[in-house]
Amino acid sequence: MADENAVLLECRKVSKLFNDEGNTQQVLKAIRDGVGKDEIQEKLGTVVGVREASFKVHRGEFFVIMGLSGSGKSTLIRTLIRLIEPTDGEIIIDGEDITKLSEDGMRKVRRNKVAMVFQHYGLLPHKTVLENAEYGLKTRGISWKERREKAQGAIDRVGLSGWESYRPSALSGGMQQRVGLARALSHDPDILLMDEPFSGLDPIVRRQMQQEFGRLQNEEDLTTILVTHDLDEALMLGDRIAIMRDGEIIQIATPDQLVTNPADDYVASFVEGASPARFMVARSVMSDDPLTARDGDSAESAVEMMRERKIWSTFIVDGGNKVQGVMSWETIQRLAQSGGTLHLGTGVRKPVTCDSETPIDELFPLVLNTRHPVAVVDDRGTLQGMITKNMLLEALAHDIDYDEEDPESKPDLVASEVETSNQPSNEVTSV
Ligand SMILES: Nc1ncnc2c1ncn2[C@@H]1O[C@H](COP(=O)(O)OP(=O)(O)OP(=O)(O)O)[C@@H](O)[C@H]1O
Ligand SMILES: [Mg+2]
């Protein structure tokens, strides 16, 4: 996702002013100078809809925009295809600055690259489901037969097969929503823009639609930008979430970053209800400085290192940091007593491994089933980090307030590690 080439849509300092005063340049300068939305509205008579919004959306990404009512979400998503004309900034779609396009060029982009689903699906009441789904394809010059095929395919994908000849009024809200989605999908868009598409639905249908949509997005390899008020929806569907306030993007982050590391109180208030643990993965829990040694290293220095770090297992890695095994304190200490070196043989165990994106609930059984730390490895077996039982507990205890003044109030996780990993040694605990 970090691949620059894969950027499908980019917003560069896009602003939208609702400005009747003809003082656009003055307002843009005020924005650059950091004058607030309310002050601009009061003193310059201009509503700032969107304020220097910058972000990149990658191919295949699900990008969510959240924010309070009036924060500029709808304005921003509409400016992306110039349904609302941006006042300033650039919008690059597939390498092309669409703010420079003629009306005709813009129509082509809307027809061929982007589809939009609105909250009130904009269905035509006198047309059937099938006709609604194929709406817009005719103007693209697609033959009747192909239109039917595309529309039927989209109807099947959203689970409305059998309803083709009905009118929207015969359908429930959730089903009408699917027709809106089918219409968007029938265009095979590169980018799907959705403005609160599920908000008109009752909670159960909404969850169902969200889940189905999540599945569709994966299957179709769509790039989606979704505006929503619904935190669960944002966290469930979003690869990244942008939080807006007063027309400005305050933070762009993955769901887990947003929940565990909100940029300010406003963002924190948005994610208040979400449990950070829900988003934790091995990467967010692990220590990226695992204890390692090589075949042939002195056992004495490995013992030193373990004492220093108070970690009672050492991973044996090769020159490329590939994990070859894990050794316990007892084994290494025995070797040290006889002045030996570490070697890949007796006493070297196969470590339990996981990858960096393993979700926290899958980590528990792994961590509990071994007396050694779990090795976090990439697909070539290269060691990236390690996870001990206490690292897991500490991550979950993230929200517990310790009395900073009183070090005793913070549990000594390192010392208790010795106990839980069942490798007590009087000598060790007294170190
Ligand atoms: N046509 C318009 N003329 C003047 N001001 C407008 C216009 N459209 C939007 N605004 C203003 O722009 C700001 C952003 O509105 P927008 O509709 O984008 O908010 P939103 O985040 O989508 O809110 P909601 O969650 O209620 O849909 C608001 O202050 C709004 O009053
Ligand atoms: Mg809106």
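Start at 1 and go down the list; that is how both ligands and their atoms are numbered.
- Heavy atoms from other residues, nucleotides or ligands lying under 6.0 Å from CG of Asp265 number 12 at most.
- Counting only protein N, O or S atoms closer than 2.8 Å to the Mg ion (ligand 2) gives 1.
- Each of the following atoms of ligand 1 lies closer than 4.0 Å to a heavy atom of His229: 25 (O).
- The contact set between ligand 1 and Ser69, taken as ligand atoms under 4.0 Å from a residue heavy atom, comprises 23 (O), 24 (P), 25 (O), 26 (O).
- A salt bridge between Lys150 and Asp188 is present, with a side-chain N of the basic residue lying under 4.0 Å from a carboxylate O of the acidic one.
- Atom 18 (O) of ligand 1 has Thr75 OG1, 2.5 Å as its closest protein atom, hydrogens excluded (heavy atom only).
- The protein non-hydrogen atom at the shortest distance from atom 28 (C) of ligand 1 is Gly70 O, 3.6 Å.
- Using a 4.0 Å cut-off between heavy atoms, Leu76 makes no contact with ligand 1 at all.
- For atom 9 (C) of ligand 1, the closest heavy atom belonging to the protein is Phe18 CE1, 3.4 Å.
- Set against the non-hydrogen atoms of Gly49, the atoms of ligand 1 under 4.0 Å away are 12 (O).
- At a heavy-atom distance under 4.0 Å, only side-chain atoms of Lys37, from C-beta outward, approach ligand 1.
- If you number the atoms of ligand 1 from 1 as listed, the ones under 4.0 Å from a heavy atom of Ser74 come out as 17 (O), 18 (O), 20 (P), 22 (O), 27 (O).
- Given atom 25 (O) of ligand 1, the protein heavy atom at minimum distance is Lys73 NZ, 2.8 Å.
- Ligand 1 places these atoms under 4.0 Å from at least one heavy atom of Ser71: 19 (O), 21 (O).
- How far NZ of Lys310 is from CH2 of Trp312: 7.5 Å, rounded to the nearest 0.5 Å.
- Counting heavy atoms closer than 4.0 Å to ligand 1, residue Met244 contributes nothing at all.
- Using a 4.0 Å cut-off between charged nitrogen and carboxylate oxygen, Arg207 and Asp230 count as a salt-bridge pair.
- Judged by distance alone, the side chains of Asp256 and Thr254 do bring a donor and an acceptor atom under 3.5 Å apart.
- To the nearest 0.5 Å, atom CG of residue Leu383 and atom CG of residue Asp378 are 9.0 Å apart.
- Residue-ligand proximity, Val47 to ligand 1, at heavy-atom distances under 4.0 Å covers atoms 11 (C), 12 (O), 29 (O).
- Salt bridge status for Arg78 with Asp195: present, with a side-chain N to carboxylate O gap under 4.0 Å.
- In this structure Phe315 satisfies the ring pair (Phe, Tyr, Trp, His ring centres under 6.0 Å) test with no other residue, sequence neighbours excluded.
- Ion pairing of Lys13 with Glu90 is absent here, as no side-chain N (NZ or NE/NH1/NH2) approaches a carboxylate O to less than 4.0 Å.
- A donor-acceptor contact under 3.5 angstrom links the side chains of Asp97 and Thr99, judged on distance only.
- A salt bridge does not link Glu212 to Arg157: none of the charged side-chain nitrogens sits closer than 4.0 Å to a carboxylate oxygen.
- Classified by interplanar angle (parallel below 30°, tilted 30° to 60°, perpendicular above 60°), the ring pair Phe63/Phe55 is parallel.
- Near Leu68, the atoms of ligand 1 lying under 4.0 angstrom from a non-hydrogen atom of the residue are 21 (O).
- The aromatic rings of Tyr266 and Phe270 lie perpendicular to each other, with more than 60° between the two planes, well past the 30° mark.
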